[in-house]
S.K.: 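Input: one structure, supplied below.
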Amino acid sequence: MTRSVLVLNSGSSSVKYAVVNPDSGVLVADGIVERIGESGGGGSGSAGVADHAEAMQVVFDSLAADGHGLDDLDLVAVGHRVVHGGPDLYRPTVIDDAAIARLKELSPLAPLHNPPAIQGIEVARAALPDLPHIAVFDTAFFHDLPPAAATYAIDAEVAQSRHIRRYGFHGTSHQYVSEQAAVFLDAPLESLSQIVLHLGNGASASAIVGGRPVETSMGLTPMEGLVMGTRSGDVDPGLIFYLWREAGMSVEDIESMLNRRSGVRGLGGEVDFRVLHQLMGSESEKERAAAQLAYDVYIHRLRKYIGAYLAVLGSADVLTFTAGVGENDAAVRRDALSGLTAFGIELDEHLNDSPARGARRISPDGAPTTVLVIPTDEELAIARACAGVLGGRLGDG
Ligand code: ADP
């Protein structure tokens with residue numbers, strides 16, 4: 001079987017693409033077109049990309065340049081990552097005009113994320129009109145979060161009329177990684193209590209019992225929870241009114257600050273943890289202190305959430321790190337889990353420091369909580385979700 005799915009993740013200034021065989025898991029090709037709408041932007045070797053339509057052409061050109069003409073790929077679907085599915089879109093959804101209209105209605109819930117995704121979908125549908133296009137939602141996995149975890153303690157009527165709840169994000173990753181953890185342990189998913197820490201540029205935690213999420217750190221939007229690369233995570237909502245009233249900042253300024261100029265970048269001046277660690281050893285006292293504070297605040301928040309989720313679960317059979325920081329940063333893993341032996345959580349320093357890639361255990365043999373590192377693969381999960389939707393229609397491909 002050679003069938004494949006083109007997976008698209010369209011952001012405001014970039015389109016990430018991957019061609020994945022959903023059966024074998026083989027990644028046929030992938031890439032990113034960046035700086036869309038900026039002069040001088042573009043994908044590898046391209047001069048400039050004005051908009052998403054041009055970006056889609058760059059995707060096709062890049063695939064062709066890598067020897068993957070559209071005719072050879074045997075594409076059976078285009079899978080679109082969509083951040084927010086709102087209250088009623090959560091199953092992978094075949095995109096028709098009605099689905100687009102519904103997505104547009106939902107855009108106010110995710111003003112930074114959904115509009116570019118819709119743009120990407122419209123452009124891709126125009127370019128590949130004969131293929132089914134399927135939206136896979138980042139909120140989907142958390143749709144059935146228990147009411148006590150999904151509900152904000154605010155005026156119930158306001159919440160209901162405005163569809164305000166804790167939706168959770170990175171769901172594709174949390175689901176994939178928790179399933180892979182069960183595969184790695186050769187244990188039934190139904191038997192496991194898990195904590196998953198997705199630590200990338202965006203970061204979120206989840207608590208999962210028997211394959212179903214019972215808590216997650218992101219909420220109405222992807223701003224809640226952990227400290228992230230550029231997002232603040234949890235703040236006192238009073239801070240927003242204070243900035244609005246007293247600092248003369250507009251709602252847009254505040255939103256932009258909390259999303260783009262906060263988190264590790266806001267405190268330490270740098271978003272990439274590899275550079276942050278360098279700055280923590282900088283000769284400049286000011287740089288060093290700022291980077292160290294950013295790191296300390298990041299770790300402190302992460303530990304708070306781990307503690308909270310242990311209380312939610314009672315105990316965890318598995319705790320898994322994933323995404324760019326979680327998969328690669330041994331210091332973050334060590335500092336997040338130090339001193340938790342009383343809760344059954346321990347690291348094997350040697351395993352933690354090993355440069356190994358791939359799914360691996362980093363806790364000592366026989367520790368009550370198995371600590372894992374599992375690379376996430378949202379593209380494969382999206383491709384599989386698409387194959388699942390089309391199952392009957394695809395035949396054997
Ligand atoms: P995204 O949320 O954009 O998908 P990723 O999951 O790819 O992000 O994570 C990107 C982040 O991972 C980088 O900003 C960097 O902080 C971190 N990272 C990547 N590689 C390493 C590494 N070798 N050591 C420490 N951190 C890393």
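Keep in mind that this is a model prediction, so the values were computed, not measured. Just so you know, ligand 1 is whichever comes first in the structure, and atom 1 is the first atom listed for that ligand. We're numbering straight along the sequence, starting at 1.
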S.K.: Calculate, to the nearest 0.5 Å, the distance between atoms CZ and CD belonging to Phe142 and Gln175 respectively.
M.R.: 9.0 Å

S.K.: So which heavy atom in the protein is nearest atom 16 (O) of ligand 1, and how far is it from that ligand atom?
M.R.: Phe273 N, 2.8 Å

S.K.: Would you say Thr370's side chain and Val318's backbone share a donor-acceptor pair under 3.5 angstrom?
M.R.: no

S.K.: For the aromatic rings, using the six-membered ring if either is Trp, is the centroid distance between His80 and His133 under 6.0 Å?
M.R.: yes

S.K.: With a 4.0 Å cut-off on N to O distance, would you call Arg102 and Glu105 a salt bridge?
M.R.: yes

S.K.: Identify, by atom number and element, the atoms of ligand 1 in contact range of Gly202, meaning under 4.0 Å from any of its heavy atoms.
M.R.: 2 (O)

S.K.: Could you list the atoms of ligand 1 found under 4.0 angstrom from a heavy atom of Asp329?
M.R.: 25 (C)

S.K.: Hey, are Arg384 and Asp377 close enough for a salt bridge, meaning a charged N less than 4.0 Å from a carboxylate O?
M.R.: no

S.K.: Which residue from Thr376, Val325, Val332 reaches closest to atom 17 (C) of ligand 1 through any of its heavy atoms?
M.R.: Val325

S.K.: Verify the distance criterion only: is there a donor paired with an acceptor across the side chains of Glu255 and Asn259 at less than 3.5 Å?
M.R.: no

S.K.: Give the atoms of ligand 1, by number and element, whose distance to some non-hydrogen atom of Val271 is under 4.0 Å.
M.R.: 16 (O)

S.K.: Side chain or backbone of Leu199 under 4.0 Å from ligand 1, or both, or neither, by non-hydrogen atoms?
M.R.: neither

S.K.: Can you tell me which residue and heavy atom of the protein come closest to atom 22 (C) of ligand 1, and the distance to 0.1 Å?
M.R.: Asn328 CB, 3.2 Å

S.K.: Heavy atom to atom 9 (O) of ligand 1, shortest distance: which of Gly324, Pro375, Ala331 holds it?
M.R.: Gly324

S.K.: So is Gly229 touching ligand 1 or not, going by heavy atoms under 4.0 Å?
M.R.: no

S.K.: List the closest protein heavy-atom neighbour of atom 3 (O) of ligand 1: residue, atom name, distance to the nearest 0.1 Å.
M.R.: Asn201 ND2, 3.3 Å

S.K.: Below 4.5 Å, heavy atoms only, C-beta onward: do Leu106 and Pro87 meet side chain to side chain?
M.R.: yes

S.K.: Give me the nearest non-hydrogen protein atom to atom 15 (C) of ligand 1 as residue plus atom name, then the distance to 0.1 Å.
M.R.: Asp272 OD1, 3.5 Å

S.K.: Is Arg360 salt-bridged to Glu327, cutoff N-O under 4.0 Å?
M.R.: no

S.K.: Parallel, tilted or perpendicular, judged at 30° and 60°: which one describes the rings of His198 and His174?
M.R.: tilted

S.K.: To which of Glu327, Arg274, Met228, Lys16 does the heavy atom nearest atom 20 (N) of ligand 1 belong?
M.R.: Arg274

S.K.: Using a strict cut-off of 4.0 Å, indicate which atoms of ligand 1 neighbour a heavy atom of Ala323.
M.R.: 6 (O)

